[in-house]
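The sequence lines fix the lettering, A, B, ..., with proteins before strands; numbering per chain opens at 1.
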Amino acid sequence: MPWRAPPGAVPDPYRVWLSEAMLQQTTVAAVIPYYERFVSRFPDLGALAAAEEAAVMEAWAGLGYYARARNLHACARRVAALGGFPRDLAGLRALPGIGPYTATAIAAIAFGVPGVPVDANVVRVAARIGAVTAPLPGARAAIEAVATRLGEDPAARARPGDFAQALFDLGATICTQAAPTCVLCPWREGCAAHRAGIAADLPRKAPKPARPSRFGAHFWLEDAAGQVLLRRRPARGLLGGMLELPGTAWRDAPWSAAEALALAPVAASWRHAGTVRHGFTHFTLTIEVYAARVATIGEAAGMARPVAGLGAEALPSVMRKCAAVAVEETAG
DNA sequence: AACTCGTGGAT
DNA sequence: TATCCAAGAGT
């Protein structure tokens, strides 16, 4: 992993922080290319603090949970003003985007402060070692207590960063979700769930409610110069601060073509380009994409951007799907 | 305390 | 195809 310091090297707090922010609720495989591009574009804290927020949103586009990007930028400016990262838990915890997990992880990995950052890997490992059979999320406190106890071992306290990352690695490679490879586990003798034969059944989780459906319509308005109309979403909330194709609200019922086209950014010869389905955390979204060509975008609300440059814009994945459907229809 | 907030890969 | 899930934080 590109953010991990070689043995014996002193970790760069900026890179530790950046990687932990990107890894929140996000898989390692998804983060690696974003991390590489981000470090290349913003090589150090000063570069990030000096950047415009819009540039940060561009670099984050597609990674999801965009509040992380806004908080990252705000945090960079705060830390730059402080002259560097706080080296203690309370100081880190007070920064935007740094919660209990990330504060503990940065403190341990970058500064050698004892403590166990409890991510999903550690939850799984600790639930099994301690044989916590109560279901999440209620069992969270009991599992964290097990993790904290593991971190009190003198060897763990001597190398908190290595201990934390070793737990991550154990959870990622051996103590996995579906089929843990207990036969290869260096900890199997000390694992209460393995001794009881229930390792693969832990941690237990309460069932989650079904995701509701929502519906919207978005508009691809392209001019003769090869530009398309975009607009910026409100600064907070879902996809906050990101760009989008202009569109309707997302509601509980589908939009008829007539309903949708009444809300189009301009009167034009709109064609139905296709349908996009996208799963968010709390609902599934179905978008009808309409496309039209005009000579000039003119006075329509928003900003005209070259179609050829959309790859570098701050477009979330759902809007990239819409753009792809429109471009495909336009070409065909 | 309970909700909100993305995405793509694994199963 | 549908569901689950990941190095969680903010409100």
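- As rounded to the nearest Å, B:dG8 and C:dT1 have C1' atoms that lie 16 Å from one another.
- Between B:dC5 and A:Thr281, no contact under 4.0 Å exists linking OP1 or OP2 to a side-chain N or O.
- Put simply, A:His278 has no side-chain N or O that comes within less than 4.0 Å of OP1 or OP2 on B:dG6.
- The CZ-P distance, from A:Arg140 to C:dG8, rounds to 9 Å in whole Å.
- Taking 3.5 Å as the limit, the base of B:dG6 and the side chain of A:Thr26 contain a donor-acceptor pair of atoms between them.
- Judged purely by distance below 3.5 Å, without hydrogens or angles, the side chains of A:Trp250 and A:His218 pair a donor atom with an acceptor atom.
- Note on A:Gly279: a base of the nucleic acid sits closer than 4.0 angstrom, heavy atoms only.
- Across all strands, A:Val318 comes closer than 4.0 Å only to sugar-phosphate atoms, never to a base (heavy-atom distances).
- A gap of 23 Å separates the C1' atoms of C:dA7 and B:dC3, to the nearest Å.
- Residue contacts for A:Ile98: at a heavy-atom cut-off of 4.0 Å it reaches the sugar-phosphate backbone alone, with no base atom in range.
- Atom-to-atom, CE of A:Met319 to C1' of B:dG6 comes out at 13 Å; the value is rounded to the nearest Å.
- Close to B:dT7, at under 4.0 Å from its OP1 or OP2, lies a side-chain N or O of A:Tyr66.
- Checking side-chain atoms of A:Arg305 against main-chain N and O of A:Leu310 turns up no donor-acceptor pair under 3.5 Å.
- Set against B:dG8, B:dG6, B:dT4, the side chain of A:His282 has B:dT4 as its closest nucleotide.
- Within the nucleic acid shown, A:Pro100 comes within 4.0 Å of sugar-phosphate atoms alone, with no base atom in reach, counting heavy atoms only.
- Using the six-membered ring where Trp is involved, A:Phe38 and A:Phe42 have ring planes that are tilted, between 30° and 60° apart.
- In this model, the phosphate group of C:dA7 is not approached by any side-chain N or O of A:Ser19 to a distance below 4.0 Å at OP1 or OP2.
- A:Arg70 has no side-chain polar atom (N or O) that falls below the 4.0 Å cut-off from OP1 or OP2 of C:dG10.
- Residue-level contact check: A:Trp3 touches the bases, meaning some heavy atom is under 4.0 Å from a base atom.
- Here A:Arg124 lies in heavy-atom contact (under 4.0 Å) with sugar-phosphate atoms only.
- With hydrogens and angles left out, the side chain of A:Tyr65 and the base of B:dG6 share a donor-acceptor pair within 3.5 Å.
- Residues A:Val276 and A:Leu263 fall into different hydrophobic clusters, defined by Ile, Leu, Val, Met, Phe, Trp and Tyr side chains chained together at heavy-atom separations under 4.5 Å.
- A close approach under 4.0 Å does occur between a side-chain nitrogen or oxygen of A:Gln25 and OP1 or OP2 of C:dG8.
- For A:Lys321, no side-chain nitrogen or oxygen approaches OP1 or OP2 of B:dT7 to under 4.0 Å.
- Here C:dG8 is the nucleotide among C:dA6, B:dG6, C:dG8 with the atom lying nearest to any side-chain atom of A:Tyr101.
- Among the atoms of the strands shown, only primed sugar atoms or phosphate atoms (P, OP1, OP2) are found under 4.0 Å from some heavy atom of A:Ala120.
- If you take atom C1' in B:dA1 and the same atom in C:dA9, they sit 15 Å apart, rounded to whole Å.
- Using a 4.5 Å heavy-atom cutoff, the side chains of A:Phe168 and A:Thr173 are not in contact.
- Both A:Ala178 and A:Leu238 lie near DNA chain B, and the one whose nearest nucleotide falls closer to the 5' end is A:Leu238.
- Residue-to-nucleotide contacts include no donor-acceptor pair under 3.5 Å from the side chain of A:Thr102 to the base of C:dG8.
- Between A:Arg251 and A:Glu259 there is a salt bridge, with a side-chain nitrogen of the basic residue lying less than 4.0 Å from a carboxylate oxygen of the acidic one.
- No engagement by A:Met242 is indicated, since no non-hydrogen atom pair under 4.0 Å with the nucleic acid exists.
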